[in-house]
**Student:** 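One structure, pasted below without further comment.
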Amino acid sequence: MRFSRAYIPTTKESPKDAQLPSHIYLSRAGFVAQVASGLYNFLPLGKRVLRKIETIINEEMAACGALEVDLSFVTPAELWQESGRIEKFGKELLRFRDRKDNLFVLGPTHEEMMVSIVRNRITSYKQLPLNVYQVKTKFRDEARPRFGLMRAREFVMKDGYSFHATTEDLDREFDAMEAAYKRILERLGLTFRIVEADSGAIGGTGSKELMVLASSGEDTLAVCDTCEYGANVEAARRSPRVVIPEAPEATFAKFKTPNIKSIEDLSNFFHVDPYYTLKAVVLRAVYEEGSEPVCFFIRGCDELQEVKARNSVGAIDLVDISEAELAEIGLVPGFIGALDQDKIRFVMDNDTRNATSMICGANEADYHFVGVDLSVMGDVPFADLVAVAIGDGCPHCEGKLLHTKGIEVGHIFKLGTVYSAPLKAEFLDENGRSQPFIMGTYGMGVSRLVAAVIEQHHDEKGCIWTHTTAPYMVNVMVSNIKEEAHLAYAEELYATLGTHKIEAILDDRKERFGFKMSDAELIGFPFTVIVGKELNNGHVQILVRATSEMITVDADKVMEKLTELIG
RNA sequence: CGGGGCGUAGCUCAGUAUGGUUAGAGUACUUGCUUUGGGAGCAAGGGGCCGGAGGUUCGAGUCCUCUCGCCCCGACCA
């Protein structure tokens, strides 16, 4: 490609709306242009990057035997009514009617459509397993699109679905997909972590997220400093505490604790570690129909993890509750305890099971119990409710957990029969019995990956593309095109790169040196060959974008050097 | 969906508190000359329904009402 004939509208100023580096540089360097909230046009450079990522995905999917399909973007609303997701998705589903007044939605994801294409066609266990996928535009009418390509309404996603006769076979495929996704991200040159994720309300038996590590990531991860373990904080686990604070000596008693409401006050009042106090967090659990207040009991030294809490009671949402509402139930904030608790539904954290020497509220203003043995609680609901903190022990090894930020670029999920059962997508097993397909789903955000690469690889000058994602590997820059010998040399080098199948662009624009250099750095070609006054001494220079290193090489040895650098 | 902010040249923004000739700057663009290793200089140009609609006024970019759009914080995000 000749730069003079390309369409690469670079700008010196950032669009005022851009906040993230990826948004700023992808806009400034002319990869994408915003159309409306959450909608972007991909300009020639952006399209090239998108296609490179797609190609790598396709290659890895082919290696796993997954089959590419392409489903209609416009989907009949009936399918969504059948699965019950038309209500669940709500306003995120963009709906419209055709000329015959039939209702359609723009596909936000394609579980229903995928199930529909195999339903009544795959009818025997002998035809299983099957893994089909597509790389396709999706549309979700997000309440608040933001961060450029990171959270757009229209975006490109690879979504794959596998169908199995047994859960063992699903497990095998799930592992194969995890390995394939790992290879894809490795090939893209990204630093990432595969983490355990919250399976959420949808259930299923396993869910993992692929997180590109970047400070601007929207998700917080707990990762082990020693082993591979990592999890979204919504699902992170920790090892049992190894250092247990010394237990206070106390026999069971009711104690007057005037106006001692917070864990901190309580801990100071009794001179005990918060570990031995019982924290009560009351929230209103919201369900499909109605809501109810629920109390979550955890150790005073811990924090409640709301997603875990929500899952423990099967709620759609947890919302704050007012003191007035608490008073109505007959609870006194600051003095809520678990013993003889009959006023409210409650869940205990696993770590409070059989706890002794505890201090907890007496369910009466200004009184706490001390020396409480929670093993007397008997048969009450327990669940993992606590947020993993920095420094907690890894559940798999001796390491410590750290927090880091990640961009979710992939999510793989064992669905089981969540969709196949309601959609009546069934096959006959070996015994001739009708069974719903056991399914897995594997998503990867292709357009989000474009942004993720830049979030992880940029500097104050602009983009730094990895070798596999760069729109062009080499930029041959002619410092001054009026120098005929320089231009001729560059033309020849450009042609040679072409014969060696190295993607190159020739910057033959009638611009000054500084202007072209700034563009080269902003766009982020991995290598820029500077053909200029050094050529008079028989040399050219190669700018290595990632390191800003300027390598001077003999003019007739450039190809060798480039080949070596590209690797 | 709650709270806040912003819409003026392709882009980034002044101007709006206190209404008053022909609406500005920088940048980008066009033409000419000079310059040519880090976003060049001089000169001359083109480019605007001041987001839209209604109102107040002799007169509205500026005041009032209503709308539409975009951004930020939060809620939400299989």
Side-chain angles (χ1 to χ4, degrees), chain A residues 9-20 23-24 27-28 30 33-39 80 83-93 107-112 114 138 140-148 150-153 155 157 159 161 197-204 207 209 218-219 234 286 306-307 310 316-320 408 411-416 418-419 439-443 445 448 461-462 477-483 486 509-523 528 530-537 539-541 543 548 550 552:
Chain A
T10 60
T11 63
K12 208 190 286 192
E13 307 212 55
S14 317
K16 63 171 176 177
D17 297 335
Q19 308 280 330
L20 286 193
H23 191 189
I24 292 170
S27 302
R28 280 191 53 203
Q34 184 172 10
V35 185
S37 178
L39 304 180
W80 296 86
S83 71
R85 286 215 291 181
I86 195 151
E87 284 85 17
K88 191 166 183 180
F89 254 101
K91 287 188 170 176
E92 285 203 12
L93 276 182
T109 173
H110 276 171
E111 280 84 2
E112 284 82 355
M114 283 289 181
K138 302 283 185 288
R140 294 183 191 175
D141 198 0
E142 291 252 13
R144 193 178 154 212
R146 58 187 121 167
F147 306 141
M150 206 65 86
R151 182 98 76 104
R153 290 192 292 172
F155 57 99
M157 181 163 89
D159 52 325
Y161 307 84
D198 168 44
S199 304
I202 207 164
S207 158
E209 290 168 333
E218 288 191 83
D219 290 273
E234 295 174 353
V286 181
E306 280 210 19
V307 173
R310 193 173 70 203
I316 298 171
D317 196 11
L318 294 177
V319 295
D320 287 342
E408 182 190 342
H411 197 164
I412 58 177
F413 214 106
K414 293 179 185 175
L415 281 177
V418 175
Y419 292 99
M439 292 177 59
T441 181
Y442 318 96
R448 180 178 281 185
K461 289 176 175 173
M477 192 200 92
V478 187
S479 177
N480 180 355
I481 61 163
K482 284 187 179 167
E483 297 283 349
H486 297 181
R509 291 175 300 169
K510 192 186 165 198
E511 296 287 352
R512 295 164 66 91
F513 178 81
F515 185 93
K516 292 192 195 180
M517 282 294 280
S518 297
D519 265 2
E521 286 161 333
L522 175 61
I523 296 166
T528 294
I530 300 161
V531 182
K533 63 185 186 187
E534 280 292 310
L535 189 61
N536 301 333
N537 307 322
H539 298 132
V540 296
Q541 289 150 300
L543 172 68
S548 292
M550 192 79 93
T552 302

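Proteins get letters first, then strands, A, B, ... in listed order; numbering begins at 1 in each.
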**Student:** For the atom pair CE (A:M157) and NE2 (A:H411), what is the distance rounded to the nearest 0.5 Å?
**Tutor:**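 Going from the CE atom of A:M157 to the NE2 atom of A:H411 covers 11.0 Å.
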**Student:** If you check every side-chain atom of A:T10, which of B:rG39, B:rC71, B:rG38 has the closest atom?
**Tutor:**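 Between B:rG39, B:rC71, B:rG38, the one nearest the side chain of A:T10 would be B:rG39.
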**Student:** In whole angstroms, how far is the P atom of B:rG39 from the CG atom of A:L522?
**Tutor:**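 Rounded to the whole Å, the gap is 15 Å.
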**Student:** What's the gap between B:rC76 and B:rG2 when it is taken at their C1' atoms, as a whole Å value?
**Tutor:**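 Their C1' atoms lie roughly 12 Å apart.
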**Student:** Mind checking who B:rU57 pairs with, Watson-Crick or G-U wobble, both distances under 3.5 Å?
**Tutor:**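 Because no pair has both required distances under 3.5 Å, B:rU57 counts as unpaired.
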**Student:** Measure the distance from CZ on A:R151 to C1' on B:rA75 and round it to the nearest whole Å.
**Tutor:**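 Distance, rounded to whole Å: 11 Å.
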**Student:** In terms of the nearest nucleotide of RNA chain B, which residue is placed more toward the 5' end: A:M517 or A:S37?
**Tutor:**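 Mapping each residue to its closest nucleotide by heavy atoms, the 5'-most match is A:M517.
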**Student:** Check whether any side-chain nitrogen or oxygen of A:K516 sits under 4.0 Å from OP1 or OP2 of B:rG38, and answer yes or no.
**Tutor:**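 It does not, given that no N or O in the side chain of A:K516 lies less than 4.0 Å from OP1 or OP2 of B:rG38.
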**Student:** Quick one: side-chain contact (heavy atoms from CB on, under 4.5 Å) partners of A:T552, sequence neighbours excluded?
**Tutor:**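 With neighbours one apart ignored, the set is A:E534, A:H539, A:Q541.
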**Student:** Side chains of residues 9-16 of chain A: which donor-acceptor partners sit under 3.5 Å, not counting sequence neighbours?
**Tutor:**
residue : atom : partner : partner atom : Å
A:T10   : OG1  : A:D519  : OD1          : 3.0
A:T10   : OG1  : A:D519  : OD2          : 3.4
A:T11   : OG1  : A:E13   : O            : 2.9

**Student:** Across all strands shown, which nucleotide pairs with B:rG24 by Watson-Crick or G-U wobble geometry, both distances under 3.5 Å?
**Tutor:**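 Its partner is B:rC13.
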**Student:** In terms of base orientation, is B:rA17 syn or anti, with the syn window spanning 90° either side of 0?
**Tutor:**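 Chi for B:rA17 falls in the syn range.
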**Student:** Checking contacts here: which listed nucleotide (B:rA78, B:rC76, B:rC71) is nearest the side-chain heavy atoms of A:M157?
**Tutor:**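 Nearest listed nucleotide: B:rA78.
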**Student:** What is the separation between atom CD on A:E218 and atom C1' on B:rC77, rounded to the nearest whole Å?
**Tutor:**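 For the pair A:E218 CD and B:rC77 C1', the rounded distance is 9 Å.
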**Student:** Starting at atom CD of A:E306, determine the distance to atom C1' of B:rG74, rounded to an integer number of angstrom.
**Tutor:**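 Those two atoms, CD and C1', are 14 Å apart.
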**Student:** Produce a footprint string for nucleotides 6-15 of chain B: one letter per nucleotide, 5' end first; B if the base is under 4.0 Å from any protein heavy atom, S if only the sugar-phosphate is, - if neither.
**Tutor:** S-----SS--
**Student:** If the condition is salt bridge (Lys or Arg N to Asp or Glu O under 4.0 Å), which residues does A:E142 pass it with, not counting sequence neighbours?
**Tutor:**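 A:E142 satisfies salt bridge (Lys or Arg N to Asp or Glu O under 4.0 Å) with A:R151 only.
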**Student:** Among B:rA78, B:rG38, B:rC70, find the nucleotide with the atom closest to the side chain of A:S518.
**Tutor:**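 In terms of side-chain proximity for A:S518, the closest of B:rA78, B:rG38, B:rC70 is B:rG38.
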**Student:** What string of B, S and - do you get for nucleotides 29-37 of chain B, 5' to 3', if B is base contact, S is sugar-phosphate-only contact and - is no contact with any protein heavy atom under 4.0 Å?
**Tutor:** ------BBB
**Student:** Using the test side-chain hydrogen bond (donor to acceptor under 3.5 Å, both in side chains), find all partners of A:E483 that sit at least two apart in sequence or belong to another chain.
**Tutor:**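 For A:E483, no residue satisfies side-chain hydrogen bond (donor to acceptor under 3.5 Å, both in side chains) once neighbours in sequence are set aside.
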**Student:** List in chain and number order the residues that pass side-chain contact (heavy atoms from CB on, under 4.5 Å) with A:E306, two or more places apart in sequence or in another chain; answer none if no residue qualifies.
**Tutor:**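 Applying side-chain contact (heavy atoms from CB on, under 4.5 Å) to A:E306 gives A:L283, A:L318.
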**Student:** Pairing check on B:rG74: which nucleotide meets the Watson-Crick or G-U wobble criteria with it, both distances under 3.5 Å?
**Tutor:**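 For B:rG74, the partner nucleotide comes out as B:rC1, under the 3.5 Å rule.
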**Student:** Could you let me know what B:rA43 is paired to, Watson-Crick or G-U wobble, both distances under 3.5 Å, or none if it's on its own?
**Tutor:**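 Check on B:rA43: paired to B:rU31, both distances under 3.5 Å.
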**Student:** Not counting sequence neighbours, which residues clear ring-ring contact (aromatic ring centres under 6.0 Å, His included) with A:H110? List them please.
**Tutor:**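 Applying ring-ring contact (aromatic ring centres under 6.0 Å, His included) to A:H110 gives none.
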**Student:** Grab the two heavy atoms, one from A:L543 and one from A:E521, that are nearest each other, plus how far apart they are.
**Tutor:**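 Closest heavy-atom pair between A:L543 and A:E521: CD2-OE2, 3.8 Å.
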**Student:** Does any nucleotide pair with B:rG69 by Watson-Crick or G-U wobble geometry, both distances under 3.5 Å, and what is it?
**Tutor:**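 Per the H-bond distance test, B:rC6.
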**Student:** Could you state the CZ-C1' distance from A:F147 to B:rG74, rounded to the nearest angstrom?
**Tutor:**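 These atoms are roughly 12 Å apart.
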**Student:** Taking atom P in both B:rG61 and B:rG7, compute the distance separating them and give it to the nearest angstrom.
**Tutor:**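 One P to the other, the span is 16 Å.
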**Student:** Under the ring-ring contact (aromatic ring centres under 6.0 Å, His included) test, which residues partner A:H486, sequence neighbours left out?
**Tutor:**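 Listed in chain order: nothing, the list is empty.
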**Student:** Only pairs with both distances under 3.5 Å count, Watson-Crick or wobble alike; so what is the partner of B:rG37 in this structure?
**Tutor:**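 WC or wobble partner does not exist here.
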